[in-house]
Amino acid sequence: MNIEHLLSSTISQVINELFGLSGIPNDIILQKTKKEFEGDFTLVTFPYIKAAKATPEKTGELIGEQLLKNNPSIIKFNVVKGFLNFSLSNDFWLSEFKSISNESDYGIKPAKSSGKQMMLEYSSPNTNKPLHLGHVRNNLLGYSVATIMKTQGHDVIKVNLVNDRGIHICKSMIAWKLFGNGETPKSSGLKGDHLVGKYYVEFDKVYKKEIQTLVDGGMSKEDAEKQSPIMLLTQQMLLKWEANDKETIDLWKMMNGWVYEGFEVSYKKLGVDFDKMYYESNTYLLGKEIVQEGLSKNVFYKKENGSICIDLTAEKLDEKVVLRSDGTSVYITQDLGTAIERFKEFPAISRMIYTVGNEQDYHFKVLFKILEKLGYAWAKECYHLSYGMVELPEGKMKSREGTVVDADDLMDGMVATAKETTEELGKVEGFTKDELDYLYQTIGMGALKYFILKVDPKKKMLFDPKESIDFNGHTGPFIQYTHARIKSILRKFEGKSSEIIIDDNINLLDKEKELIKLQYDFPKILEESSNSYNPAVVANYIYELTKLFNQFYNECPVLKEENNTIKEFRIKLINTTANIIKNGMLCLGIDVPERM
RNA sequence: GGUCCCGUAGCUCAGCUGGAUAGAGCAACAGCCUUCUAAGCUGUGGGCCAUUGGUUCGAAUCCAAUCGGGGUCACCA
């Protein structure tokens with residue numbers, strides 16, 4: 001039982017005895033006392049003044065007096081208006097710290113101990129262009145949320161649904177066929193996904209030019225978009241692909257192969273991975289039977305032109321086509337099929353999470369609603385982890401217009417900056433070349449990942465390429481640096497921190513107590529972060545802890561402390577701090593170096 | 001236009017399941033390295049929490065309206 005629960009029940013008991021308020025459950029609102037006031041926890045007494053028939057001050061006094069008698073851990077209290085601030089004893093916090101420091105992975109529950117299995121889909125790239133900053137946010141977010149959910153003992157299956165077919169894929173194929181002259185990643189020296197992306201852009205250039213020519217010749221823009229020769233060729237190619245034409249399939253396989261090689265490199269740099277890959281070329285036909293099923297259940301209806309629809313106007317959504325009049329699938333048909341397939345394959349999953357940008361909020365509302373109407377009980381377990389777009393100062397990124405921040409360029413740039421900065425500071429004597437490479441990689445990626453994950457996923461975020469991502473202040477490298485500092489002290493300590501037995505008579509200083517109190521919060525932070533699918537909660541907490549440690553570091557000597565019991569206690573204290581920083585950062589997919 | 005999301009310091013963000021004088025970082029200015037790594041610490045200035053009204057003992061937080069920004073409303077994905 002944690003402290004708050006214990007205190008809450010004591011308080012509700014006290015309130016009950018004093019004022020005869022029996023209806024008060026254990027969910028007494030207890031908050032951390034603000035810095036400006038003395039105390040550890042605060043009870044807001046306004047809600048009880050009626051029953052107490054007394055002023056807020058008097059009510060606080062009454063409850064406070066009673067608490068002192070009932071709970072030996074509470075040693076004093078003060079009342080400011082309707083706020084009852086009370087302090088827990090030195091011994092209490094010290095023994096609390098003992099149990100924290102004895103746990104090797106404090107706050108983290110054993111793997112798969114919750115008995116819940118969850119599937120989380122993220123990344124889901126198109127195979128016609130390289131990854132950009134928007135994908136980076138998706139990947140980091142998905143990976144981090146999965147990792148955080150694992151700390152709660154959930155069995156998380158990470159899946160990637162690759163969008164590897166369709167008209168957009170054919171666009172780069174056609175452009176390569178027409179203008180590529182057999183260019184390959186090897187012959188061009190380009191990374192596979194970038195090479196394919198080059199032809200995607202090429203397609204768009206030619207397409208736009210053709211439209212212009214047609215419009216100049218007197219055609220309407222709408223017709224021109226349909227009549228453009230390159231577009232007609234692309235549509236023919238899609239038909240051939242669907243007819244399994246060998247030449248087309250071979251080309252498709254070759255070019256997709258290039259893209260996968262490129263993605264593999266990017267994923268590795270990002271540090272993300274998957275337990276299972278899905279390819280849309282395998283799943284795009286799924287869902288058609290479901291439509292038939294829905295038709296017979298009268299969830300769907302057939303229109304005069306033969307298309308099949310669902311009417312969701314009663315749900316404040318619109319009428320939605322679920323199957324084209326020519327019998328082919330639309331996007332939502334596939335998603336219906338894929339969802340059902342997944343729950344068949346993994347019947348135990350209790351949550352299906354889709355990490356997809358908020359531009360698709362509407363799509364997922366419709367998808368989940370349809371699943372519900374089809375009678376799948378698990379529909380309510382489907383969750384759209386919707387995140388905001390990454391915007392540039394001039395607005396949205398657009399692949400075709402080249403206004404994107406390329407993922408590989410960005411990552412390489414971060415690592416290069418990490419190298420420069422580190423060299424300027426000149427603190428890396430005695431590092432081997434491998435160690436340096438690892439260090440630059442870790443710091444550069446740490447800066448990028450932290451920059452992205454510290455902001456609430458739901459909110460859109462701004463990235464200005466002209467202003468490089470910082471390495472000072474509220475950043476990944478600051479946290480990494482602090483960790484390295486702690487490790488440096490621990491290396492110099494001529495004993496084993498694991499063998500230290502904490503003395504019972506230590507008198508905690510302010511900063512020491514603050515550190516313990518903040519460490520104590522870690523499990524709750526992980527839980528909250530997991531439940532809200534929000535890595536920013538962990539990110540901001542780790543920053544707070546790190547900042548507090550640096551204050552402690554400035555005020556309290558560790559190795560230079562002359563009193564040995566205090567010195568050993570502080571070693572233990574900074575050791576648990578380092579562990580929490582490390583585990584918290586791992587939740588964000590960020591590694592922390594031992595030295596930097 | 002319907003609908004959904006957002007508006008907090010010059011900039012980037014916390015705080016939003018209602019609680020005390022709204023917090024960080026960056027940028028600016030002023031201090032701190034014969035003492036465990038200065039990627040650090042301390043201090044100063046900077047805010048009608050978009051506006052107005054409502055609910056409440058109490059509102060940045062909840063509700064409504066207005067203004068401003070964005071997403072979405074395809075037999076595209």
Side-chain angles (χ1 to χ4, degrees), chain A residues 27 29 31 33-37 42 44-47 49-50 56 80-83 85 124 126 163 165-169 280 284 303 305-309 316-318 320-335 357-363 365-366 386 388-389 391 395-396 418 421-422 424-425 427 443 447 451 454-456 458-464 467 469-482 484-493 536-537 539-540 543-544 546-547 549-561 570 574 595-596:
Chain A
D27 63 338
I29 313 147
Q31 47 197 270
T33 303
K34 288 214 167 197
K35 264 229 169 98
E36 311 82 276
F37 302 93
T42 296
V44 181
T45 57
F46 287 113
I49 55 176
K50 262 188 196 162
V80 182
K81 290 185 278 183
F83 301 90
N85 307 314
S124 306
N126 291 345
N163 193 320
R165 51 133 249 133
I167 194 81
H168 51 297
I169 307 297
E280 210 188 277
Y284 83 106
K303 289 181 88 168
N305 60 15
S307 64
I308 297 175
C309 301
K316 278 187 158 184
L317 302 166
D318 303 278
K320 188 84 192 165
V321 171
V322 293
L323 200 68
R324 291 194 190 101
S325 49
D326 64 3
T328 57
S329 302
V330 291
Y331 183 41
I332 202 145
T333 324
Q334 300 168 35
D335 273 359
N358 65 10
E359 57 202 346
Q360 295 199 39
D361 284 356
Y362 177 76
H363 170 76
K365 264 188 200 163
V366 171
S386 165
M389 298 289 101
E391 290 178 6
K396 249 187 115 175
T421 310
T422 307
E424 268 170 34
L425 291 168
K427 288 196 281 197
I443 297 173
F451 176 81
K454 79 171 174 184
V455 346
D456 187 330
K458 289 194 295 293
K459 298 193 176 176
K460 65 172 186 227
M461 61 180 294
L462 190 97
F463 177 81
D464 189 346
E467 283 177 41
I469 292 174
D470 236 300
F471 283 50
N472 298 321
H474 189 180
T475 67
F478 164 68
I479 295 167
Q480 292 172 318
Y481 172 71
T482 304
R485 259 180 158 183
I486 298 175
K487 285 297 182 173
S488 168
I489 298 174
L490 293 173
R491 273 194 303 275
K492 286 177 185 156
F493 175 66
V537 172
N540 288 309
Y543 172 66
E544 222 183 303
T546 301
K547 220 165 83 90
F549 169 80
N550 276 304
Q551 291 165 5
F552 163 83
Y553 178 90
N554 248 261
E555 289 176 24
C556 307
V558 179
L559 294 173
K560 298 216 160 67
E561 170 58 46
R570 287 185 182 159
I574 68 171
R595 298 189 288 159
M596 73 183 265

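These numbers come from a predicted model, not from an experiment. Here is the naming used below: chain letters follow the sequence lines, and residue numbers restart at 1 for every chain.
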What about A/Y543 and A/F478, are their ring centers closer than 6.0 Å?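 So the answer is yes for these two rings.
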
For atom [atom1] of [X] and atom [atom2] of [N], their distance in whole Å:
X: A/N550; N: B/G25; atom1: CG; atom2: P; answer: 12 Å
X: A/Y553; N: B/A39; atom1: OH; atom2: P; answer: 10 Å
X: A/D470; N: B/C13; atom1: CG; atom2: P; answer: 14 Å
X: A/K458; N: B/G71; atom1: NZ; atom2: C1'; answer: 16 Å
X: A/K460; N: B/G71; atom1: NZ; atom2: P; answer: 9 Å
X: A/Y362; N: B/A74; atom1: OH; atom2: C1'; answer: 10 Å
X: A/L490; N: B/C36; atom1: CG; atom2: P; answer: 16 Å
X: A/I469; N: B/C13; atom1: CD1; atom2: P; answer: 12 Å

[M] and [N], which share atom name [atom1], separated by this distance in whole Å:
N: B/A30; M: B/U35; atom1: P; answer: 25 Å
N: B/C11; M: B/A65; atom1: C1'; answer: 31 Å
N: B/C62; M: B/G19; atom1: C1'; answer: 14 Å
N: B/A74; M: B/C6; atom1: P; answer: 24 Å
N: B/G45; M: B/C36; atom1: P; answer: 32 Å
N: B/C4; M: B/U51; atom1: P; answer: 24 Å
N: B/A59; M: B/A22; atom1: P; answer: 13 Å
N: B/G54; M: B/C13; atom1: C1'; answer: 30 Å

Using a cut-off of 4.0 Å on non-hydrogen atoms, how would the nucleic acid contact of [X] be classed: base, sugar-phosphate, or nothing?
X: A/M389; result: nothing
X: A/V455; result: sugar-phosphate
X: A/L462; result: sugar-phosphate
X: A/K492; result: sugar-phosphate
X: A/T422; result: base
X: A/D456; result: sugar-phosphate
X: A/F478; result: sugar-phosphate
X: A/Q360; result: base
X: A/L323; result: nothing
X: A/A536; result: nothing

Would you say [X] places a side-chain N or O within less than 4.0 Å of OP1 or OP2 belonging to [N]?
X: A/R570; N: B/C36; value: no
X: A/N472; N: B/G40; value: yes
X: A/Y481; N: B/A39; value: yes

What is the pairing partner of [N], taking Watson-Crick or G-U wobble pairs with both distances under 3.5 Å in any strand?
N: B/C29; answer: B/G43
N: B/C16; answer: none
N: B/U21; answer: none
N: B/G68; answer: B/C6

For [X] and [Y], indicate whether the former's side chain and the latter's backbone hold a donor-acceptor pair under 3.5 Å.
X: A/T42; Y: A/N85; result: no
X: A/T546; Y: A/I479; result: no
X: A/R570; Y: A/P557; result: yes

Nearest 0.5 Å, what's the CZ-OG1 distance between A/F471 and A/T421?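 OG1 of A/T421 is found 5.0 Å from CZ of A/F471.
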
Choosing from [options], which nucleotide comes nearest the side chain of [X]?
X: A/E359; options: B/G71, B/C41, B/C4; answer: B/G71
X: A/E391; options: B/G70, B/U72, B/A14; answer: B/G70
X: A/I489; options: B/A39, B/C13, B/C36; answer: B/C36
X: A/M596; options: B/G7, B/A39, B/C36; answer: B/A39
X: A/S488; options: B/U37, B/G40, B/U72; answer: B/U37

Toward the 5' end of RNA chain B, by each residue's nearest nucleotide, A/R485 or A/G166: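 Counting from the 5' end, the first nearest nucleotide belongs to A/R485.
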
Here's a test of your reading of the structure: between A/I167 and A/N554, which maps to the more 5' nucleotide of RNA chain B?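 Comparing both residues, the 5'-ward one is A/N554.
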
Start with the C-alpha gap between A/Y362 and A/L317, add the side-chain angles, then the distance that decides, and say whether side chain to side chain contact (heavy atoms under 4.5 Å, CB included) holds. CA-CA 8 Å; A/Y362 177 76; A/L317 302 166; 3.6 Å; yes

Shortest non-hydrogen contact between A/P56 and A/G82, atoms and distance: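 Looking at all heavy atoms of both residues, the shortest contact is CB-CA, 3.8 Å.
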
Derivation of the side chain to side chain contact (heavy atoms under 4.5 Å, CB included) call for A/V321 and A/K303: CA-CA 10 Å; A/V321 171; A/K303 289 181 88 168; 5.8 Å; no

Checking A/S386 against A/D361: is there a side-chain donor and acceptor pair closer than 3.5 Å?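 A/D361 vs A/S386: donor-acceptor pair found between side chains.
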
In terms of ring plane angle, is the pair A/F46 and A/F83 parallel, tilted or perpendicular, where the classes change at 30° and 60°?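 Rings of A/F46 and A/F83: perpendicular, as their planes differ by over 60°.
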
Between protein and nucleotides 17-24 of chain B, what N or O pairs are separated by less than 3.5 Å?
from  : atom 1 : to     : atom 2 : distance (Å)
B/A20 : OP2    : A/K34  : NZ     : 3.2
B/A20 : N6     : A/T42  : OG1    : 3.0
B/A20 : N6     : A/N85  : OD1    : 3.0
B/A20 : N1     : A/N85  : OD1    : 3.3
B/A20 : N1     : A/N85  : ND2    : 3.3
B/A24 : O2'    : A/Y543 : OH     : 2.9

Qualifying residue, where the test is salt bridge (charged side-chain N to carboxylate O under 4.0 Å, His left out) with A/D456 and the options are A/K454, A/K460, A/K458: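 That would be A/K458; it is the only one of A/K454, A/K460, A/K458 passing the salt bridge (charged side-chain N to carboxylate O under 4.0 Å, His left out) with A/D456.
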
I'd like to know if A/K560 reaches the base of B/U35 with its side chain, counting only an N/O donor and acceptor under 3.5 Å.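 No pair found.
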
Taking syn as within 90° of 0 and anti otherwise, name the glycosidic form of B/C33.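 Syn for B/C33; the angle stays within 90° of 0.
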
